[in-house]
Every structure is written in C-alpha cells, then in structure tokens.
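Below is one structure, written out as structure tokens; comments come after it.
Treat the numbers as computed from the prediction; the structure is a model and nothing was measured. So you know, we letter chains A, B, ... as the sequences are listed, proteins then strands, and number each from 1.
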Number of protein chains: 2
Amino acid sequence: MNDQPPEKNNIVQAVDVCIDVLLNVAKNPDVRLTEIAQNIGESKPRILRMLRTMERRGLVRKSDTGTYRLGTTAIVLGTAASTQVDLVRIANPILEELGQKANETTQLRIIDNGESLCIAKFEPMRDLRVQAMIGRRRPLTAGSYKVLLAYLHPQVQQQMIPDILPKLTNRTITDRAKLILELEKIKRQGFCVSFGEVSEQLVSVSVPVLAFDGSVIAAVNVGAPAFRTQRSDVDRFIVLLKDAASKISARLGW
Amino acid sequence: MNDQPPEKNNIVQAVDVCIDVLLNVAKNPDVRLTEIAQNIGESKPRILRMLRTMERRGLVRKSDTGTYRLGTTAIVLGTAASTQVDLVRIANPILEELGQKANETTQLRIIDNGESLCIAKFEPMRDLRVQAMIGRRRPLTAGSYKVLLAYLHPQVQQQMIPDILPKLTNRTITDRAKLILELEKIKRQGFCVSFGEVSEQLVSVSVPVLAFDGSVIAAVNVGAPAFRTQRSDVDRFIVLLKDAASKISARLGW
DNA sequence: AGAGATAATTACGACTAGCGTAACATCGAC
DNA sequence: GTCGATGTTACGCTAGTCGTAATTATCTCT
C-alpha cells in the first residue's frame, strides 16, 4: 500500500503496519481479518495481534460477526486533533461563514501523499448540495484542486504530476503540457475554476491559502451544482474565497 | 498509566505503547519528547522512534519548536469513526434534537476504563451554557453519571466503585453505603438528578440507554446552570431524556 | 556572548518481542 | 454431513527493536 524505495530504518515497523491497519479499517468499515491482511500484504496472525491490541484500547471494535470498525477511542483522538491542528481549528468557522454566504458546500484541502485530502468542510442547509467528506482524497491534477499544485516549485510540481493523468470526466485535462500551462495561468490569476472536471455536473472554485513565503498551505474550495451556477456566481465565489483564504492566512500568523 | 496485573501476552507491546503516546499527545497538546517519555515511563529513544513513525503517517505533527500535536490523519480517523460507531452516529441527531428542546447542553456518555467518557455532545446557541467536550472523563460515582453504574450486576458494580470516592464538591456522595442506596433508587426511578455533585453551580440529569437485555449501553445527559433550572425544568428534562434514550435504543435495533 | 544544564538525537550490541509456519478450531454453505 | 474458508493457537527462530551511553543541539542564566 505504501513503500517506494526500501525506505530507511528509523521507524518502528510494527507501529507502521498498525497504522496501515487503522487506515484500512477507516476506509473499509466492517472489514474482516483476512481482508485486512491481504489488503496490506501481511500475515493474518500478525494483523490479528495488532487488532487485538487496538481493540483493548478501544481504537477498533470487533462486531459479534467478526468484522472490525473503528472504536470510540478513535473518535476521542479525532476530536482532540481537530482542536490541535491549527489550520483546521482556524479554518472551520471561516469555512462555515464562507459556506453560509455562498450557500454552497465548502472544503479545506491539503496536499497529502501526492493527493488532495479534505480535512475540513461545511455543508449548507439546503435540499440539494454537493456532499463533502473529511478524509476523501482526490487527484491533484483534476478539478480546482490544481491550485495546490500551481504554487509549488517546478521541480516538486513535476514529481507530483503522475505520468498518466487520471481522466475523471471528459473535461479532465489529460495532457501534461496543457496542465502545466493551466497551472501557470492559475498562479497568475490566483484562483482556479473547474467546470465538471471531477464530476460532470459540478462546478468547483478554489483559492490557495498561502504562507508568508508564498508557499501553499491549503486550498479553500466552493463546490456547487452546475445547473444553478452562473458566471456571476463564480465571480462572487472567487471574491468570497479570496477573503476567506486571506483570513485563514492572517489567523495562522501571517 | 494503565496496567493492573502483569497482563497476559497476546498483544503487540510496541503498538500498545504507541497508543499510550497518542493518547498522551491528545491530552497534552504541545508536549515534548522527554515529557511523553516520563509520562508513560518509557525511554526517550523508544518514544522518539514511535513519534517519528507516526509523524510520517500524519498521525502526529512536530512543531518547529519540537513539541508534538495530533495531526491530520487523526482527524480523518476520528471523522470516519464517528460514522462507524453506531451508537454515536445514531445518537448525534437525537442529542441535537434533545438539546434544542431543552435549550441546554446534552451529552452521551459510556463506561470506559472505570470512568464515564463523553463520546458525543450538543451545545445550544446560547451565551451561557455548560461546556461539554468529547473525550472528557469523569468519575462514575459522582453526578448523574451514576446511572451508568446503577444497572450493572452488583458484582461488577462493586469492582467499579473505588475504595475512596472522589469528592468533587461538598455535595458529592463519599459514603459507599449511601452510594449503593442511591444506585438502587436510580434503578427504581429510571433517572438520576445531580445538584452540584460534580460542579457547584451545575444541575445534571441523566437517563440510561438500555439494551434489550436491560444492560446499560450509555447515558444521555442534560447539563444546565443551577440558577436558571427549576424543579419543573428538571421534570421536563427527564421526560425529554427518556424519550431520547428510548429512541436511541430503538434505532440501535431494540 | 560563553559556560553550564537540559533536551534531542545517533550508534550499536544484546536480547527478547514478535514474526511466520503450520497445525488446529470454528464457521458457513451447499 | 462434508468441504472450503476464516479465525485462532502454538512455538521455535530471527531480525526488529530496545536501552545504554556517547554526541550533538538547544536553551538558560549570568
């Protein structure tokens, strides 16, 4: 699941594997021992021992049918984490304000492991709205999350862009050169608008949250159904987003 | 921090210690390596290796001043856990409804490691309100959380009650025999009201969430400032609480 | 600013924790 | 009831991991 080069040793393998298990259970609720073991390529006894250890501490819970889910300790950890991670703690109220004003779903995304990862969100009270989910990953090369890529040093940027660009819809950019051009444009204008690049019916607008040195910390995003989003709405979103992003930057101390 | 008897081996110690570390960071944000090490009684190199392993995976994050906090992966895990733990997923909307009606703070608590543990909460929009916190622990013997104790088998009950009862305020019950009597009363009437047993100025009312076999799963709770809570309010809370508790029971499949 | 104290990190040999194999038990399906 | 699959246990061997002790970085106080 994750190991490119032999990877240097200074880490505790058992712990590393156990994190794999945890993430596996998070991603696949009600997964069975055998499944986990083959998902991460380890032996069953090993995984069993780890699950047992984590179960005693309430990190996972084994149902009476033998399937595993995350447990209450994970909830406690997550709640504590939300208040400890500055970015999330600060962004949350701002995301909500932004979401109220735009009356659409908002997200905060960071780069994690070559993908964009949603770490905070707000969904307005509205019958039809874009659904966001903390923990959901998306390619960096599709949709407005490209802003996360646009401000990186060209070298790092190159590494982040895979050889074949995943094609999510027929509007997704699949040509590397074209993507680079797009990234330059994004950097120039300071935002990115995606019309159906990730999902056919959705419009997505993102703006970078920048650190004092101009490096990207995260991206704030508004997602809306295409049918009710006019050009003028997009323009409005951009203004709101830039405001939100600079508030977050400021509150982070810049 | 936790080890009663030598504790049998079938668990992975490294993982167990690493959970200790995680919980320690959760409880003490911005803790340093040395602190963690002595908090849980392990050597520094060992803890360092574990922190490094977890940092690579985003479970913890090391600030540039060398202190540790939980990381984004912990948020992701916690969010996933909230949707995977049936009790919490089901209770959340019910807690909110209850909290809206009572216009006071509501909590869901379970027994965990001989204490009561808050695993879900709702706070109403109100200038002055009781503050609740997911992950906060309280004694089982003080306040309305006694309901969690009341329905246990007498044997188990005895084990849960420590020899000396922690005295949080001067209204806290500190006499064992008196506590037992109180527990019997709670079981008879199906709820527990606490006037300032945990915190001087607070009223707390709890009702048990029962399984089909009459065992306690959790406790639902309303907490309110004493000065604005009349006898009639308490009665109203009890009705609301019983309703909420039975809804949760029902949705859990009973 | 420099000396002393404290904390973080590295290196490495020793040892046992923890791994895998393989046998066994349990469960489900047909 | 038999077969296949999954979960669990036992145990001997090995390498992962631990602690000591030395080293470096960081902080503190005068």
Side-chain angles (χ1 to χ4, degrees), chain A residues 1-25 27-57 59-71 84, chain B residues 1-25 27-57 59-71 84:
Chain A
M1 192 154 265
N2 72 324
D3 34 31
Q4 300 80 355
E7 195 72 59
K8 209 171 297 181
N9 277 3
N10 226 356
I11 66 167
V12 183
Q13 286 190 5
V15 172
D16 206 48
V17 172
C18 132
I19 297 173
D20 275 329
V21 174
L22 222 37
L23 293 177
N24 218 266
V25 175
K27 192 166 280 185
N28 314 48
D30 284 311
V31 71
R32 308 193 131 273
L33 169 62
T34 310
E35 241 174 310
I36 303 174
Q38 58 196 34
N39 280 346
I40 65 187
E42 295 286 341
S43 73
K44 280 194 284 182
R46 184 174 198 185
I47 303 303
L48 180 61
R49 282 188 294 262
M50 297 194 164
L51 284 169
R52 282 226 252 257
T53 310
M54 295 197 278
E55 196 186 4
R56 286 200 198 186
R57 303 304 221 85
L59 260 184
V60 299
R61 200 191 150 110
K62 181 187 188 178
S63 76
D64 36 21
T65 65
T67 65
Y68 290 89
R69 293 189 186 188
L70 294 177
Q84 291 185 23
Chain B
M1 190 152 266
N2 72 324
D3 34 30
Q4 300 80 354
E7 195 72 59
K8 205 170 301 179
N9 277 4
N10 225 355
I11 65 168
V12 183
Q13 284 190 9
V15 172
D16 207 47
V17 172
C18 130
I19 297 173
D20 276 327
V21 174
L22 223 35
L23 294 178
N24 217 267
V25 175
K27 191 165 282 182
N28 315 47
D30 284 312
V31 71
R32 308 193 132 273
L33 168 62
T34 310
E35 242 175 309
I36 303 175
Q38 58 195 35
N39 280 346
I40 65 186
E42 295 285 343
S43 73
K44 279 195 284 184
R46 185 175 195 184
I47 303 303
L48 179 61
R49 283 188 292 263
M50 294 192 166
L51 284 169
R52 283 225 251 256
T53 310
M54 294 195 279
E55 196 186 2
R56 284 200 200 187
R57 302 305 219 85
L59 260 184
V60 300
R61 202 190 149 109
K62 181 188 188 177
S63 76
D64 36 20
T65 66
T67 65
Y68 290 90
R69 294 190 184 186
L70 294 178
Q84 291 185 23

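- Taking only side-chain atoms of A/K44, from C-beta outward, the nucleotide of C/dG18, D/dT8, D/dC18 with the closest atom is D/dT8.
- A/Q38 comes within contact range of no nucleotide atom at all, as no heavy-atom separation falls under 4.0 Å.
- Between B/D16 and A/R56, none of the side-chain N atoms (NZ, or NE/NH1/NH2) sits under 4.0 Å from a carboxylate O, so this pair counts as no salt bridge.
- Between A/N10 atom CG and D/dG16 atom P there is a gap of 14 Å when expressed in whole angstrom units.
- Distances shown here put a side-chain N or O of B/R49 below 4.0 Å from the OP1 or OP2 atom of D/dC18.
- For the pair B/D16 CG and D/dT17 C1', the computed distance is 16 Å after rounding to whole Å.
- Checking C/dG20, C/dA7, D/dT17 against every side-chain atom of A/A14, the shortest atom distance belongs to D/dT17.
- Between B/E42 and B/T65, the one whose closest nucleotide on DNA chain D sits nearer the 5' end is B/E42.
- If you take CD1 of A/I11 and P of C/dT9, they are 16 Å apart, rounded to a whole angstrom.
- Using a 4.5 Å heavy-atom cutoff, the side chains of B/L48 and B/R52 are in contact.
- When the side-chain nitrogen and oxygen atoms of A/R32 are compared with OP1 and OP2 of D/dG7, one or more of them lie within a distance under 4.0 Å.
- Candidate nucleotides D/dT17, D/dT8, C/dA8 were compared by shortest atom distance to the side chain of A/Y68, and D/dT8 ranks first.
- With the nearest nucleotide of DNA chain C identified for both B/V12 and A/P45, B/V12 has the one nearer the 5' end.
- A sub-4.0 Å separation between OP1 or OP2 of C/dT10 and a side-chain N or O of B/R52 is present.
- For the pair B/R46 CZ and C/dC15 C1', the computed distance is 13 Å after rounding to whole Å.
- Closest heavy-atom contact between A/N39 and A/N24: ND2-OD1, 2.9 Å.
- Atom CD1 of A/I47 is separated from atom P of D/dG7 by 12 Å (rounded to the nearest Å).
- The two atoms that bring B/A14 and B/M50 nearest to each other are O-CE, 3.2 Å, heavy atoms only.
- Within the 4.0 Å cut-off from OP1 or OP2 of C/dT9, at least one side-chain nitrogen or oxygen of B/K62 is found.
- Side-chain nitrogen and oxygen atoms of B/T34 include none within less than 4.0 Å of the OP1 or OP2 phosphate oxygen of C/dA7.
- Taking atom CD1 of A/I36 as the reference point, atom C1' of D/dT8 lies 15 Å away to the nearest angstrom.
- Nearest heavy-atom pair, B/Q84 versus A/L70, reported as atom, atom and distance to 0.1 Å: OE1-N, 2.9 Å.
- What separates CE of A/M50 from C1' of D/dT8 is a distance of 17 Å, to the nearest Å.
- Going from atom CG of A/L48 over to atom C1' of D/dT6 covers 11 Å, rounded to whole Å.
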